[in-house]
Each structure stands twice: as structure tokens, then as C-alpha cells.
Amino acid sequence: MSIIGLQKANCKNCYKCIKVCPVKSIRLISEQAQIIDADCILCGKCLNACPQNAKTLSSDLDKVKGFLKNGKRVIFSLAPSYYTSFDFQDERRLLGAFQKLGVFGTAQTADGAAYVTAEYHKLILAHEMENIITTCCPTVNDLVEKYYPELIPYLAPVVSPMIAHGRLLKETYGHDSKVVFVGPCIAKKAEADDIRHETEIDAVLTFQDMANWLREENIAIDSCSPVDFLRGDSEILRLYPIAGGIIKTLKRRHGGELPNYNMMCIDGIDNCKDVFEAIRAGQITGSFIEINACVSGCINGPARVAAAHDRFTGRIRLKEHVQETGDGYPELTNVIPMHKGFVDRTDKREIPSEEVIRSILQKIGKDSPAQELNCGSCGYATCRDKAIAVYQGKAELTMCMPFMRQRAESLSNVVLTETPNITIIVDEDLNIVEYNAAAEKAFGVSRAAALTKGLYEILDPADTLAVFDSRQPIFDKKITVEAYHKTFLESIVYIKEGNYCMGIFKDITEEETMKEKGQKLRMETVEMAQKVIDKQMVVAQEIASLLGETTAETKVTLTKLKDMIARDDAQA
């Protein structure tokens, strides 16, 4: 099951998740964003950036509740960044709240960090690696394995504090115990399931999961009885979630400045990528690099309870706590396996040829490099990156907003320009905002000039005002505009988006002229028929004796002809 999911109904095709994704591990299918699990490094940026809350995060909460229901011994491994996500006067009451949920007890993940620091210290003293990159952050580890495999030799071959702590707890309390990591990191979910150490951590809960669980059970932290951590105080190791915390613990363990390497602290995924590019280019050597994907470190993890404390306040709270309880280095009383190997997990998708890239770009109106705006509106840094993503099935052509806007405007302009009917769009103040070529021809006013005028300067605005007031359209109303000696069929509709009215005027002047000519011809025919009737009657009187009833029949026939012509004229 994917760790990050999608509520399709809420995805609004905004591309914001693609824009913030540092590795573009999101594909669009039928205009819906989908995480590509094999490419994702679980930094959580898309979760926090989505304006529609369309991204969902899988939860192990029901799994943990199942452990408790089945009578399992559940032990929490609590990340020290809990100071940024929970409000409490006494941290022991927080542990009491957890125990009230039914857990056996809570230990500090920082206990495992002590063993990790010891391994880093050995690597520094051995001085066998050109550079040493810390491997506590699973997002960074994924970034290297999937996108910078040539830097794998620089990764410290050491498990994270979470894995070390899981091993430590299972050795201490039994391998049948269920160790649940509780922290602000969603990448820990994938790390816990990693085949390289999938038995150490049985479930991962985020701080948000815990806040929801406590709320469901109506447990108030400060009303709970105080409970101590299972293994006592982990002292300075609690600084691990703060940027620079690992280096501080190394100096404490060494007893001063560290030999052999330049010490660097890098936080934030973009900075991670920058430093990896520099290492790749050979610009950085002889350095120990403490690195974390989250700005300011784990205290700013994507699954922390943001409403509790900002990362700045959390940093202060955590540092004050370390100063209050002591900043010594704990004694390591256990021996646990600490080695971890890293492997190349890069994407093997085919990269299209230059010819294919150019053909894709041409489909979105980019016939030359000069037309490649590289605006980033699609979420990709360059048009070429987007074209490659299209080829690989990760992106769609329609994601190019400048092209789609240009195409829409072009089609709109074609329709507006080429239609033979006069089209005028006005705003609520009757200012003309669109005016087509047919209107230019009919009224003798250029589009440029019309866009500076009000409708009343060209046409009577009474019907348009009526549509604005009633929001009811007018269809095929015949009007005559004496100023232009023209007759139109007028249709006016209200456009809610933008509060506009659009008038479409079909010029029927020529048709009306033809009708008038036809009417005149018919009337002349009627007059001629009447004259014939009158003459026939005179003649009939003179030769009545000769014609008999024939005269009467002729009168009836001509009268019918006259009436028929008059009737057709009336219907016309």
C-alpha cells in the first residue's frame, strides 16, 4: 500500500505538488496526481503543499490498537522532537498519557542515537572515507540511492537511531515485544519496512497520529500521572533532531574538536541536492556532512503537530531541556549490530532522444529553443524536463499553461474574429471589453477605438441593462438601429464569471429589404387584379347576355386570386 495516497475528487489539477516535489516523483493521469512510489523519497512536501488536502497519509494506528487488543507488549520509541508537537508542563505526564492508552512504556529514540554517534566517531577516527554523509535521515538516504548513486560510497554504513533503538529495545525487553516508533517523519514508515531491517520496528506512528489518538480517548496530558522513560535520560543525544545536533554529540563524545574532517551541517532538501551536486563535481572533499531533508532538522518534520509549536520555539524548548537535565554522553551498555549497506536504486526509465524531445516540444508550440519559456508553471524546471516526463508517462502535454492559454486565446480569437455575427461584450459599467471584426464592419468603429468606449456610444444599451438587472437572456429580438440604417436579430446573455453581458447581433437588413420589396410587389399585383376585376365587371354588364354565368365565374376566380395574394402578404 502506498504511504502517500490521493483523494481523486479533491485534486484540482493545480500542479502544486509537482512544483514542490524535489525529485518529480508524481505523475498525472487523466489530470489526477499520483505518487510514483518507486521514485518517491517521502519528504512530505506534497502533503503540506496541497491546497485541497487531496493527499492522504497511511496510518498504522489501527495496527497498534490491534497489538494492544491482542495483549502484546507495546513499547514506544519516542523521537526527541516531541517537544515541538505536544504541550505539557512535565514531559513525564506525556508518558503517562501514552501509558493510559495501554502501552507498556516509552523509551527515547535518542538512546539509539548514542550508538549511532559512536559509530560515526569510529569512522572519523579511522579516516578511511573521502567524505562521510550521515545516514540518520531516510529521505536523504533514498535521495542518494535513487538519484545520486555515485555518492553511495560516501554514505556512513550505519543504521539510523530508530533502527538501532528498535534492536536495543527488543534485546532488552524481548523480541516478542512490539516496538512502535513515534515521530514527525513519514519516511520512517518506509524505513521500518525496508527488507534490510524490517524486523526491528513493528509500526510507525506520527505525532499527528498520537494527537488524534489522545483526542479520541479524551486524554488530557497534564491531568495524567507522571511516568518515567524506560531507560532513563539520554542526555545530549536529544539534540539529534536539531540541525547541528549530531556534530554537537560527536564533539561531546570526543571531548573537543573532531580530527580529520571539515564539519558541515546541511538541512533542507534543496540544500541537500546542492551539496550532492558539489560532491559529484569534486568540489567537496574531506568533509563530514551532517544532513537532514527538513529545514532546521527533524523538529520541522512533515508529520509534526504544527499547531503546537513552530520550529523556532521547539528548538528553544528542546535545548533548554537538555541544559536542565544534563548534556553528558550516556554509557553504552549493550552491543547491537550497527552496519547498513546501501545500494543503487536509480530509475531505469529510458531517456528519449533529442529528436523525440523536440517532437514533443513542437506539440506544445515550442518549435525552437527560443520558445522554451522554462517558466515552471507545469512543475518542471525546464520545458525539456517536462518533455522527458511526458515521454516517460509522468506528465501530460496539457500541463503547459502558457501553451494552453495561448491555444485557448487563439481559438477564442478565431471564433470571435471569423463569426459573421456582431459580437460585443461589456462589463457592468457598460464599458466595451470585446468587439469583433463584424462589429467593426457594421458600425465603422475599429476594435481599438471601441475598447475605449461605452456601449451607449454605439448602440442603445437599454436591453443590455435589462439583462444585467434580471440576469435573464434575450433571444432573437428584432431591432432597428436608425443611425446605421440596419436591422438586427438581437440576443443578449449574462456571463456570471466576470459579471459581463455578451450581445450577438445578426444583421438581417438585407433580408428585411427583400421582404419589403416582395411586399410591394404583392401589393402591386393585388392592385392589378382589382383593376382587372373592375374592367371585367364593366364589360360583363355590356355583354351579359352573351357571356351568361361566365362573367360571374371570372369575378369569383380573380377575387380569389386577389385574396390569396393579400393573405400571403399579411402572413409575410
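Values reported hereafter were calculated over all heavy atoms of this structure, with side chains retained and with hydrogens, waters and symmetry mates removed. Note that the numbering runs from 1 along the sequence shown for the chain.
A cation-pi geometry, defined here as NZ or CZ lying under 6.0 Å from the six-membered ring centre and within 45° of its normal, holds between Arg73 and Phe104.
In this structure, Ala187 and Thr139 approach most closely via the heavy-atom pair CB-OG1, 3.3 Å. Closest approach of Val23 and Ile41 over heavy atoms only: CG1-CD1, 4.0 Å. Scanning both residues, Arg304 and Gln208, for their nearest heavy atoms gives O-OE1, 4.1 Å. Closest approach of Lys170 and Ser177 over heavy atoms only: NZ-O, 2.7 Å. Ile242 and Glu290 get closest at one heavy-atom pair: O-OE2, 3.8 Å. Between Ile75 and Leu230, the shortest heavy-atom distance links the atoms CG2-CD1, 3.7 Å.
Inter-residue side-chain proximity for Glu191 and Val204 is flagged as unmet; no heavy-atom pair is nearer than 4.5 Å. Under the 4.5 Å side-chain criterion, counting only non-hydrogen atoms from C-beta, Leu143 is in contact with Tyr148. Taking 4.5 Å as the limit, some side-chain heavy atom of Pro302 sits within range of a side-chain heavy atom of Cys294. At a threshold of 4.5 Å between non-hydrogen side-chain atoms, the residues Cys50 and Cys17 do not count as touching. Put simply, the side chain of Leu42 reaches to within 4.5 Å of the side chain of Ile4, judged on heavy atoms. For the pair Tyr154/Val144, no side-chain contact is recorded, criterion being any heavy-atom separation below 4.5 Å from C-beta on. Ile18 has its side chain out of reach of Lys386: every pair of non-hydrogen atoms, C-beta onward, lies at least 4.5 Å apart. Between Val343 and Ile152, every side-chain heavy-atom pair lies at or beyond the 4.5 Å cut-off.
In this structure, the separation between CG on Leu169 and CZ on Phe76 is 12.5 Å, given to the nearest 0.5 Å. Atoms CD1 and CG, on Ile35 and Leu47 in that order, are 7.5 Å from each other to the nearest 0.5 Å. Here the straight-line distance linking atom CD of Gln89 with atom CG of Asp222 works out to 5.5 Å at 0.5 Å rounding. Put simply, CD1 on Ile26 and CD on Gln32 are 12.5 Å apart, with the number rounded to the nearest 0.5 Å. We find the OG1-CD1 distance between Thr117 and Ile236 to be 9.0 Å, quoted to the nearest 0.5 Å. Atoms CZ and CG, on Arg253 and Leu258 in that order, are 11.5 Å from each other to the nearest 0.5 Å.
Checked against a 6.0 Å centroid threshold, the rings of Phe207 and Phe86 count as neighbours.
Not a single donor-acceptor pair under 3.5 Å links the side chain of His165 to the backbone N or O of Leu78. Proximity of a side-chain donor or acceptor of Lys100 to a complementary backbone N or O of Ile219 within less than 3.5 Å is not detected. Proximity of a side-chain donor or acceptor of Tyr261 to a complementary backbone N or O of Met129 within less than 3.5 Å is detected. Side-chain atoms of Thr382 come within 3.5 Å of backbone atoms of Asp385 as a donor-acceptor pair (strictly under, hydrogens ignored). Formation of a donor-acceptor pair under 3.5 Å by the Asp209 side chain with backbone atoms of Thr206 is found in this model. Using modelled atom types, one side-chain atom of Thr134 and one backbone atom of Ile291 make a donor-acceptor pair closer than 3.5 Å. Under the 3.5 Å distance criterion, the side-chain polar atoms of Thr135 are matched with a main-chain donor or acceptor of Val158. Listed for the Tyr329 side chain is a donor-acceptor partner under 3.5 Å among the backbone atoms of Ala114. Panel note: side chain Tyr147, backbone Lys273; no donor-acceptor pair is recorded below 3.5 Å. Although no hydrogens or angles enter the test, the distance criterion places no donor-acceptor pair under 3.5 Å between the side chain of Asp90 and the main chain of Pro226.
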Quiz prompt | Test side-chain contact (heavy atoms from CB on, under 4.5 Å) applied to Tyr173 and Val179, step by step | solution = CA-CA 10 Å; Tyr173 296 99; Val179 177; over 6 Å; no
Quiz item: Do Phe229 and Thr106 pass the side-chain contact (heavy atoms from CB on, under 4.5 Å) test, and can you show the C-alpha distance, the side-chain angles, and the key distance before you say yes or no?
Solution: CA-CA 6 Å; Phe229 281 109; Thr106 302; 4.0 Å; yes
Quiz prompt | Steps toward side-chain contact (heavy atoms from CB on, under 4.5 Å) verdict (Val180, Lys63) | solution = CA-CA 10 Å; Val180 178; Lys63 184 179 181 181; over 6 Å; no
Practice problem: Evaluate salt bridge (Lys or Arg N to Asp or Glu O under 4.0 Å) for Lys24 paired with Asp39, printing each intermediate quantity in order. | Solution: CA-CA 8 Å; Lys24 307 308 174 198; Asp39 297 348; over 6 Å; no
Quiz item: Which is it for Arg167 and His197 under the side-chain contact (heavy atoms from CB on, under 4.5 Å) test, yes or no, and what are the steps along the way?
Solution: CA-CA 10 Å; Arg167 290 173 177 171; His197 36 60; 3.9 Å; yes
Quiz prompt | Arg384 and Glu354: CA distance, side-chain angles, deciding distance, salt bridge (Lys or Arg N to Asp or Glu O under 4.0 Å) verdict | solution = CA-CA 10 Å; Arg384 289 177 62 82; Glu354 181 65 23; 2.8 Å; yes
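One finds a salt bridge joining Arg196 and Glu145 here, because a Lys/Arg side-chain nitrogen approaches an Asp/Glu carboxylate oxygen to under 4.0 Å.
Here Ser353 pairs with Glu355, Val356 under the side-chain contact (heavy atoms from CB on, under 4.5 Å) rule; sequence neighbours left out.
By the 6.0 Å contact criterion, NZ on Lys72 is open, its count of non-hydrogen atoms from other residues, nucleotides or ligands being 12 or less.
Partner of Thr109 under the side-chain hydrogen bond (donor to acceptor under 3.5 Å, both in side chains) criterion, out of Ser81, Ser77, Ser160: Ser77 alone.
Judged purely by distance below 3.5 Å, without hydrogens or angles, the side chains of Glu216 and Asn212 never pair a donor atom with an acceptor atom.
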